[in-house]
Each structure stands twice: as structure tokens, then as C-alpha cells.
Amino acid sequence: MNEGHRCPNCFQGDISTGKCALCGFDRMEEKHNPLRLPEQFLLANRYIIGRILGSGGFGITYKAFDLLNQCYCAVKEFVPIGVVARREGGFQVTVSSKANLEDFEHGKNRFMQEAGVLKKLTDVAEVVQIMDYFMENNTAYFVMEYLEGATLKQLMAAFGGKIPLKDAMMIIQQVGSALDQVHRREGIFHRDISPDNIMVTKDNRVKLIDFGNAKHIIGKKSQTLSVILKHGYAPPEQYSSTSSQGSYTDVYSLAVTFYYIVTGVMVPNAPDRFNGDEYCALHKIEPSVSIEVSEAVDRALVLNGKMRTSSAAEFVQAFSQCQPPAHAVPYLKLAGNTSGYSWDIPENQLVMIGRSGELADIVPTSDGKVSKKHCEIFCDSIEKRFYIVDHSTNGTFIGSRRLEKGKTYILLSGQQFSLGNHICDLEVGWKDG
């Protein structure tokens with residue numbers, strides 16, 4: 001086979017017709033970037049460069065084939081747009097002007113330093129693994145594990161605009177735990193947390209990617225480059241090249257990410273919030289979110305970094321509190337009641353709640369404003385969560401939001417709902433069996 005016709009995706013098939021007969025990769029789907037390395041270029045006498053996986057203002061990530069280990073990998077190249085140039089079909093990077101030289105060298109060195117630290121994080125399973133790093137072609141490179149799967153942004157689209165709450169909580173909890181390990185051990189801050197930088201692989205592993213993003217490594221050598229950020233996800237301190245950043249910076253972005261993937265609604269940009277724009281509390285948009293989790297998001301989105309939740313572990317602690325204990329038994333009780341008025345709920349059965357002992361399985365009140373058959377709840381023993389459906393005249397409420405009649409909503413452990421407008425407040429949850 002002519003090497004120029006070798007598929008840049010599988011590195012085996014012939015793509016001379018524009019589509020690989022072996023893996024199906026189509027040239028029409030290929031990403032283009034004038035700064036890219038040529039396809040089939042042998043990097044470090046080991047990595048065959050293939051198609052572009054992604055690119056941004058400071059780097060290009062390629063799919064590559066590792067000749068030593070005989071496996072796919074991802075190679076990230078430091079090539080800041082507007083700072084460097086590369087002749088078409090060439091491989092050496094040249095700095096576009098003397099004025100950019102200092103910034104480029106500083107960024108390249110920091111890129112390598114961070115790669116060296118990240119290579120030590122091989123035991124943090126949720127962080128994309130860096131296998132190699134080196135300088136060549138007058139620039140710097142990471143070599144990372146190749147991941148097949150979808151980003152949270154892609155998962156949102158697949159789910160129709162937002163990710164189911166249980167799945168979103170599981171993902172963010174894992175990312176938060178991983179971030180806490182990184183922050184504590186190495187003092188590294190991601191500073192670009194977003195749905196684009198969190199992946200779920202085909203075998204359901206959660207991976208935090210783009211830790212080595214150069215736009216966060218340029219530093220104070222260039223104010224213009226150092227303040228480039230992702231609007232909406234960035235806290236106020238990232239809008240200044242002189243403000244200090246830390247674990248609380250990632251906490252803010254992680255909270256915005258969670259808010260967005262479960263609602264499909266973005267939190268206003270930090271500068272707009274300073275100017276008076278307010279975001280709606282999470283539980284008001286998505287009633288299936290518990291008050292505890294919603295308030296944890298509020299604390300993580302405080303504009304003043306010194307007053308914000310400081311650690312990722314503290315942020316996701318509220319998530320774990322919503323998980324049922326081992327051998328747990330589901331219950332329903334009067335909210336705030338300490339007198340023992342509670343009912344065990346059978347799992348995997350519809351349970352009617354209302355004021356009529358003849359029509360309802362549970363009668364928490366005889367108030368005439370509560371319907372005889374007011375609402376139904378269902379406890380799923382597999383998913384370990386509750387579902388509620390309203391059938392009433394005066395409504396069932398989660399917080400201040402009235403549930404749409406006949407529509408199914410999710411309740412988390414410890415979450416409250418009310419028959420009528422707080423005529424009777426109830427709570428579902430799990431207790432040790």
C-alpha cells in the first residue's frame with residue numbers, strides 16, 4: 001500500500017478513495033488545521049501521526065499509533081495560534097515574531113513541567129493517563145492514552161439535551177474525588193473544567209481530560225494569553241491575569257458543569273453576575289435535585305473565591321449523602337416529624353397516597369384539600385431512587401414547583417414534597433434495615 005493512502009484512523013486500511021474500507025473513516029469527517037503535522041509523520045521515532053482528534057487555540061491533539069507498544073494513543077502538540085507557524089507539509093515549528101519568543105518558550109517549558117507532574121498521577125484512574133512527554137520540532141508533546149467514548153457535551157445531545165440526574169451525580173462525584181486527589185497531592189489545578197473535558201468511555205469509565213491545556217500554563221509572561229478562558233464555566237478570578245487561583249477555581253467550574261448537564265441551562269457568566277444577573281437555584285429548575293445538593297451548588301458558585309467551597313471533596317459530599325446505605329429500607333414520613341409517623345414503602349410497587357383509607361395505601365392526613373387519591377410513589381430497588389406522579393386536584397409540590405399532573409418526577413433520598421401547597425409535607429428516604 002502507498003503510505004500516503006494509509007488510513008489516519010486505523011493505520012491499516014487504504015483511504016485512497018476517500019473512505020477506509022477497513023474501519024469506515026471518511027475524509028469528509030476529517031478535521032483540518034493549517035498548523036498540523038503531516039499524516040504518517042513519525043514522531044520521536046515511535047509515534048505515527050494520524051487524524052486530528054481535536055484542536056484549540058494552544059494545541060492540536062492527534063490520534064497516533066505507538067510502534068513500541070503496538071497500540072493507539074493520543075498525542076498533544078503545543079502549537080499556540082498566532083504565536084507559531086509551520087510550513088504546509090512541514091514539521092518544524094517557528095515562532096512568528098521575536099515579540100512572541102519569550103511567551104512561547106515560557107509556555108513550552110511550563111507545558112513540559114506540568115506533563116512531568118501529571119505523569120506521576122497514574123494511580124488516579126479518572127485522570128487521563130500521560131505515558132510520555134518530550135520536545136521535538138521546536139515544540140513540546142504529551143502522549144496520552146487513547147480514549148473511545150463521549151464527552152458530557154456529546155452525552156447531553158444523545159439524551160436529548162440533559163443527562164439523567166443519577167448518571168450526572170455519579171459522574172461529577174467521580175470527577176470531584178479525582179480532582180481532590182490531584183489538588184491535595186500535587187497542587188495542580190485543571191482550570192478548564194467543562195462538559196467538553198469530561199469523558200465517559202465505552203466501558204463506562206469517567207475520565208477528566210485536557211489537564212495539560214497550555215492556555216493555563218502560559219502564566220504571567222503574557223497577560224493576553226493567560227486570561228483566555230471558557231466563558232460561563234470560569235469563576236471571576238480567571239478573568240484577571242493577576243488574581244490567585246486554586247482548588248476553589250475548579251470547584252466553581254465543576255458546579256457550573258453539573259448545573260448545566262442536568263438542566264441544559266447555563267449559569268450566567270461571572271462578570272454578568274457581578275453586574276446583577278442571577279441564576280435560578282438548581283432545584284427550582286430540576287425538582288428531582290434535592291435541596292442539599294442544590295445548596296451545595298450554591299456554595300460552590302459563590303463569586304468570592306475566599307467564601308466559596310474550597311475543595312472538590314466538600315462539594316460532592318452532598319452527593320454521597322443522597323445515596324442509600326447498604327441493606328437500606330425505603331420509607332415515607334411526615335417532614336420534620338419526630339413522633340414516629342412514618343411508613344415503610346414496599347420496593348417495586350406503586351403506592352397510593354391520599355386522604356381515603358379505602359382508596360389510598362398511605363393516609364398521612366384527613367384534610368379535605370388533599371385528594372382521596374392524591375399521588376403515587378414508586379421505589380425502584382435497582383436504581384435506588386423514588387418516582388412520584390401527581391393525580392390530585394390541588395396539586396403535589398416539590399419545593400415551590402407544582403408537578404405536572406400525570407408526569408413522572410424523581411425524588412432523591414431525604415427530599416421532601418407536599419400534598420397541596422404545604423397542606424401536608426412528606427419526606428422519602430432510606431434507613432438501615
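Computed from heavy atoms alone, side chains included, the values below leave out hydrogens, waters and symmetry copies.
Side-chain contact annotation: Ser247 with Asp250, donor-acceptor N/O pair under 3.5 Å absent. Residues Tyr141 and Asp132 bring no donor and acceptor atom of their side chains to less than 3.5 Å of each other.
Checked against the 6.0 Å centroid criterion, the rings of His183 and Phe189 qualify as a close aromatic pair. A centroid separation of 6.0 Å or more is found between the aromatic rings of Tyr409 and Phe417. Ring centroids of Phe142 and Phe78 are separated by 6.0 Å or more, keeping the two rings apart.
With respect to Lys230 and Asp192, a salt bridge is recorded, a charged nitrogen being found less than 4.0 Å from a carboxylate O. Between Arg6 and Asp14 there is no salt bridge, since none of the side-chain N atoms of the basic residue sits less than 4.0 Å from a carboxylate O of the acidic one. Here Glu145 pairs with Lys207 in a salt bridge; the nearest charged N to carboxylate O distance falls below 4.0 Å. The existence of a salt bridge linking Glu105 and Arg110 is excluded, since no basic side-chain nitrogen approaches an acidic carboxylate oxygen closer than 4.0 Å.
When every heavy atom of Leu22 is checked against every heavy atom of Gly13, the shortest pair comes out as CD2-N, 3.7 Å. Across all non-hydrogen atoms, the minimal contact from Gly82 to Asn100 is O-ND2, 3.4 Å. For the pair Phe397 and Asn394, the tightest heavy-atom approach, listed with the atom from each and the gap, is CE1-O, 3.6 Å. The heavy-atom pair separating Ile49 from Arg36 by the smallest distance is CG2-NH2, 3.8 Å. For Pro268 against Asp277, the heavy-atom pair with the smallest separation is CB-CB, 4.1 Å. For the residue pair Leu165 and Ser288, the shortest heavy atom distance occurs at CD2-O, 3.3 Å.
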- Task: Check step by step if salt bridge (Lys or Arg N to Asp or Glu O under 4.0 Å) holds for Arg86 and Glu77.
- Result: CA-CA 13 Å; Arg86 172 180 273 144; Glu77 181 182 39; 2.5 Å; yes

Could you go through Tyr279 and Asp298, starting from their C-alpha distance and side-chain angles, then the distance that decides it, and tell me whether this counts as side-chain hydrogen bond (donor to acceptor under 3.5 Å, both in side chains)? CA-CA 10 Å; Tyr279 71 93; Asp298 290 341; 2.7 Å; yes

request  = Please step through side-chain contact (heavy atoms from CB on, under 4.5 Å) for the pair Ile172 and Phe319, ending with a clear verdict.
outcome  = CA-CA 9 Å; Ile172 298 301; Phe319 292 30; 3.8 Å; yes

Go through Arg308 and Glu237 one step at a time and tell me if the salt bridge (Lys or Arg N to Asp or Glu O under 4.0 Å) criterion holds. CA-CA 12 Å; Arg308 189 184 309 146; Glu237 60 267 23; 2.9 Å; yes

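Looking at Asp390, its side chain never comes within 3.5 Å of a backbone N or O of Glu404 through a donor-acceptor pair. Side-chain atoms of Ser294 do not come within 3.5 Å of backbone N or O of Ser290 as any donor-acceptor pair. Checking side-chain atoms of Gln92 against main-chain N and O of Gly90 turns up no donor-acceptor pair under 3.5 Å. With hydrogens and angles ignored, the 3.5 Å screen pairs no side-chain donor or acceptor of Thr396 with any backbone N or O of Leu419.
Each of Thr408, Leu403, Leu426, Val428 was scored for a side chain to side chain contact (heavy atoms under 4.5 Å, CB included) with Ile388, with one residue passing: Leu403. Between Leu208 and the options Val124, Leu254, Ile198, a side chain to side chain contact (heavy atoms under 4.5 Å, CB included) holds for only Ile198.
Put simply, the side chain of Phe258 does not reach to within 4.5 Å of the side chain of Val256, judged on heavy atoms.
Residues forming a side-chain contact (heavy atoms from CB on, under 4.5 Å) with Lys284 (at least two apart in sequence, or on another chain): Cys280, Ala281. For Leu53, the side-chain contact (heavy atoms from CB on, under 4.5 Å) test picks out Arg51, Thr61, Lys63, Ala74, Tyr146, with sequence neighbours left out.
Asp66 CG to Cys71 SG: the interatomic distance, rounded to the nearest 0.5 Å, is 4.5 Å.
Each salt bridge (charged side-chain N to carboxylate O under 4.0 Å, His left out) pair with one or both residues in residues 150-165, not counting sequence neighbours, appears once here: Lys162-Glu286.
By the 30° and 60° cut-offs, the orientation of the rings of Tyr72 relative to Phe11 is tilted.
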